[in-house]
Each structure stands twice: as C-alpha cells, then as structure tokens.
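Residues take their numbers from the sequence shown, with the count starting at 1. Here the structure is a predicted model, which means the values were calculated and not measured. As the structure lists them, so they are numbered: ligands from 1, and atoms in each ligand from 1. Hydrogens, waters and symmetry mates play no part in the numbers below; they use all other heavy atoms, side chains included.
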Amino acid sequence: MFRDCSSCNNYLLTSLFTQALIKRMTHSTTSLTHSPRIEIDLGKIYRNTKRLNHMFLARGISVMGVTKGVLGSPPVAAAMTAAGVGYLADSRIENIKRIKDAGVKNTFVLIRTPSMGKVRQVVKYADISLNSELDVIQQLACEARAQNKVHGILLMVDLGDLREGILPEDMEETLAAVNTFKGVKTIGIGTNLGCIGGVTPGQDKMDELSRIAVTLENRFKIRFDLVSGGNSANYHWAEESGRLGRINNLRIGEMIFTGCSTIDYSPVEQLETNVSRLVAEVIEVKQKDSLPGGTVATNAFGEIPVFADRGIITRAILEIGRQDVLPQGLSPVNDMEIIGVSSDHVVLDSKEHRVKIGDQIGFHLTYGAQLSAMTSPYIEKVYLNSGEYI
Ligand SMILES: Cc1ncc(COP(=O)(O)O)c(C=O)c1O
C-alpha cells in the first residue's frame, strides 16, 4: 500500500520503471532446461546489496556496487541500483557501456586505472575513474574537454599491497599537477588492499589513508567527496572499527555475490549465500576404474595427474570444462566429487547417486568460478527471482 505523497509516487514510478527494465533485460528464450547455464538469483543480489548498503551507510560509508563478477550484467546492475547503491563500479569500460546502454541509471566508476587507448570510451561512459598516472589523467582531461565534460578522478594511493597506486610521499605533488588540468576534477582518493599483496585493510592502513586525505585537504584547502578505503576485505574493519576517520566509501563486489567475508570466507550473518549456481548436463556415464590404465605422463595442461585408488567407480562426464569455468571453484550441490577436468569435460565420481545421460548436475560457485562462467560464451545466463525486489 502506498500513501498518496510525492515521495511514494516517486518510489512507485521508480519501481514501475525498474520492473519494465528488468522484464526487458531478463526476457530470453533460454529456460531452466537449457544447459550449460548459470542461474543468477537477482532477489538474493538485491537483498545482499541492500543489507550491506544499509549497514555501511549507518556508519557514514557509501557503497559502490561492483559488477565485474558478472561481466557487467545489466539485470544485476539494475538490482544493485534498486537496492540503493549510489555508484556502480566495474573494471572494464565495455561492461559499463553495456549497463548504460541497457538503460540503468547511476553514477559509473571505472575501477581499473585506464589505458591510454581507452581514454575516449572512459570519458564517454564513466563518470569517475581510479587513476595513478599523470600522463593518463592529462589525456583524460584533454578528452573530457573535447567531449565538453568534467571527468571525476579518484587518485589511488598504494599503502603496501603493491598493485595500482601513487606512493604516499608523491601524493601531494601529483594532486598539485592534476589541479592544473582543466577537464578533470579530483573527487577524492582511494586505496586497494587485500589483493596482489594480500595486505589486510586494518585500522593501521585506514588511519594512514585518513591521514593522507586530511593532509591533502589542509594543504589544498579542499574537502574530498570520496575517501574510498577499499573492497570487500574492509568489511570487518568497517563493522568493528571505532575510528573510521575520513573513510566514507567502499567498493563492494565479492561479498554481495558470496555472502561471505573475503578475509576468512566465513558466511556473514544477514547475508545470503549461493547467489549463483552452475548447471551442466551429463554426456557419458560408465563404470570404470578410478586409476588410469597405462604409463602416466603429463596431461594436456602440463600436469602429472594423481588419482586415488577407489577401485571401479561410476564416472559421469559433463559438458563443461576449463574453457568455460575455473574448475577449482566448483563444488557439486550433491555429494559427488570432481576427479578430473579437461578443456571441455568435467569428470565426476557420482558416488551413491544414480546418474544417467541427460541429467543436469548443479554446482555452487566461488566468486572466481562465477566470474569465469559469466565470461564464457558457451554458458547461458539465466536470471531468477527478478520479481522479488520490485
Ligand atoms: C580497485 C578495486 N576496487 C574494488 C574491487 C572489488 O573487490 P571485491 O570484489 O573484493 O569487493 C576490486 C576488485 O574487483 C578492485 O580492483
């Protein structure tokens, strides 16, 4: 029931718009019989995003919903937007373009520092990009002037994880130079931890980021819109810290999809797990030996395979392989076991399960496996429960 007031009418209009958008985006001829397929539960994505957004906002931290784990899927982007995030972020400008072309409205952030070759698309499709190189920022400024825009810059500082980022001692000089470029505006600073170096985004690192932000703000007499402290790995710090300092933004992907902490992979209370599921069909079932017959050397991937001797087992072959999905990230929904993977096949020990040709086998996915399955052109993308968040 909606009361007759303008904010409710706005809500109703937004809901109707979202409903029509999702219907258009998720309409396809594929169904739950098609395989291989990845099923993505939009209801779970909506609820996880909403709960995280609510929890972080209560602490003064805005959220960028990161869509790279689903190849910039427009229905997922629409679900995150409906859940209230004020930014959508992706590492690929092509994904951002796909989301915008589908009609999703939000503020778009490119979270991989841009290449020179993509500067035109970055200015065209992203409102903000993460940056660490003056030459690139200068090109962005030049292109933004040509497109009659002002492009937002989030300057990245490297606090020890050793991926992208300006060294702390070079931040002041870099910002001074960026301030001379017309066409770009530094809307804030950010850092990324818990990635290449696996450095934990604890209180020490967040204090350091805050200190850098405050020093720059005082030196240049400005106030940054965003001080972006990191990614899903920051969850525990954000939840527990009594000292958030100047950190007022996080970029969250993995947690929305896994419902788990990315530090120890434990499920987070209030979040739903198993947001996506992979389904593939059985193309051969035979009773065969568990050990290869003959002299064993390297397999097709340069590895020497090792198998446990279980005698004769039921081996079920599925129509997916390494070309479709990261096999280490698959775990069968039922009590079966993956015992071998080639580029086009996954071989299961079906154990106590009676499996026959044509059966469809389901798998839970890690974030990495979900990302790879979404990238495979051979796997159909099927969206479930789009009605649950409208
Ligand atoms: C710069 C940056 N920010 C945020 C994220 C999101 O990380 P996560 O999926 O762990 O939340 C990533 C990785 O995808 C990233 O590279």
Original post:
Backbone or side chain, does any N or O of N231 fall under 3.5 Å from an N or O of ligand 1?
Top reply: no
Original post:
Any side-chain donor-acceptor pair under 3.5 Å between H353 and N334?
Top reply: no
Subject >> T262 near ligand 1 by a heavy-atom separation under 4.0 Å >> reply: no
**OP:** Identify whether the distance between the nearest side-chain nitrogen and carboxylate oxygen of E254 and K68 falls below 4.0 Å.
**Re:** no
Original post:
For atom 2 (C) of ligand 1, what's the nearest protein heavy atom and its distance?
Top reply: N192 OD1, 3.4 Å
Subject >> salt_bridge(E303, R322) N-O dist < 4.0 Å >> reply: yes
Original post:
Can you tell me which residue and heavy atom of the protein come closest to atom 12 (C) of ligand 1, and the distance to 0.1 Å?
Top reply: I111 CD1, 3.8 Å
Original post:
If you count the atoms of ligand 1 from 1 in the order shown, which ones are under 4.0 Å from a heavy atom of I252?
Top reply: 11 (O)
Original post:
Going by distance alone, is a donor N or O of one side chain under 3.5 Å from an acceptor N or O of the other, for Q360 and R37?
Top reply: yes
Subject >> Nearest neighbour in protein (non-hydrogen) for atom 11 (O) of ligand 1 >> reply: S232 OG, 2.6 Å
Subject >> Carboxylate-amine/guanidinium contact E143 K124, below 4.0 Å >> reply: no
Original post:
What do you reckon, is CD of Q147 surrounded by more than 12 foreign heavy atoms closer than 6.0 Å?
Top reply: yes
**OP:** List every atom of ligand 1 that sits less than 4.0 Å from any heavy atom of L130, numbering the atoms from 1 in the order shown and giving each element.
**Re:** 1 (C)
Subject >> Any donor-acceptor N or O pair under 3.5 Å, side chains E319, S35 >> reply: yes
Original post:
Could R315 and D349 be called an ion pair, given the rule that one side-chain N must be under 4.0 Å from one carboxylate O?
Top reply: no
**OP:** Determine whether any heavy atom of R163 lies closer than 4.0 Å to an atom of ligand 1.
**Re:** yes
**OP:** Among all protein heavy atoms, pick out the one at the shortest distance from atom 3 (N) of ligand 1; state its residue, atom name and that distance to 0.1 Å.
**Re:** R251 NE, 2.8 Å
Original post:
Heavy-atom contact under 4.0 Å between Y367 and ligand 1?
Top reply: yes
Subject >> E254 neighbourhood, listing ligand 1 atoms whose heavy-atom distance to it stays under 4.0 Å >> reply: 8 (P), 9 (O), 10 (O), 11 (O)
Original post:
Side chain, backbone, both or neither: which part of R112 comes within less than 4.0 Å of ligand 1 when only heavy atoms are counted?
Top reply: neither
Subject >> ligand 1 contacted by E164 (non-hydrogen, < 4.0 Å) >> reply: yes
**OP:** Answer yes or no: is there a side-chain heavy-atom contact under 4.5 Å between F224 and N248?
**Re:** no
Original post:
Which residue holds the protein heavy atom closest to atom 13 (C) of ligand 1, what is that atom called, and what is the gap in Å?
Top reply: K68 NZ, 3.5 Å
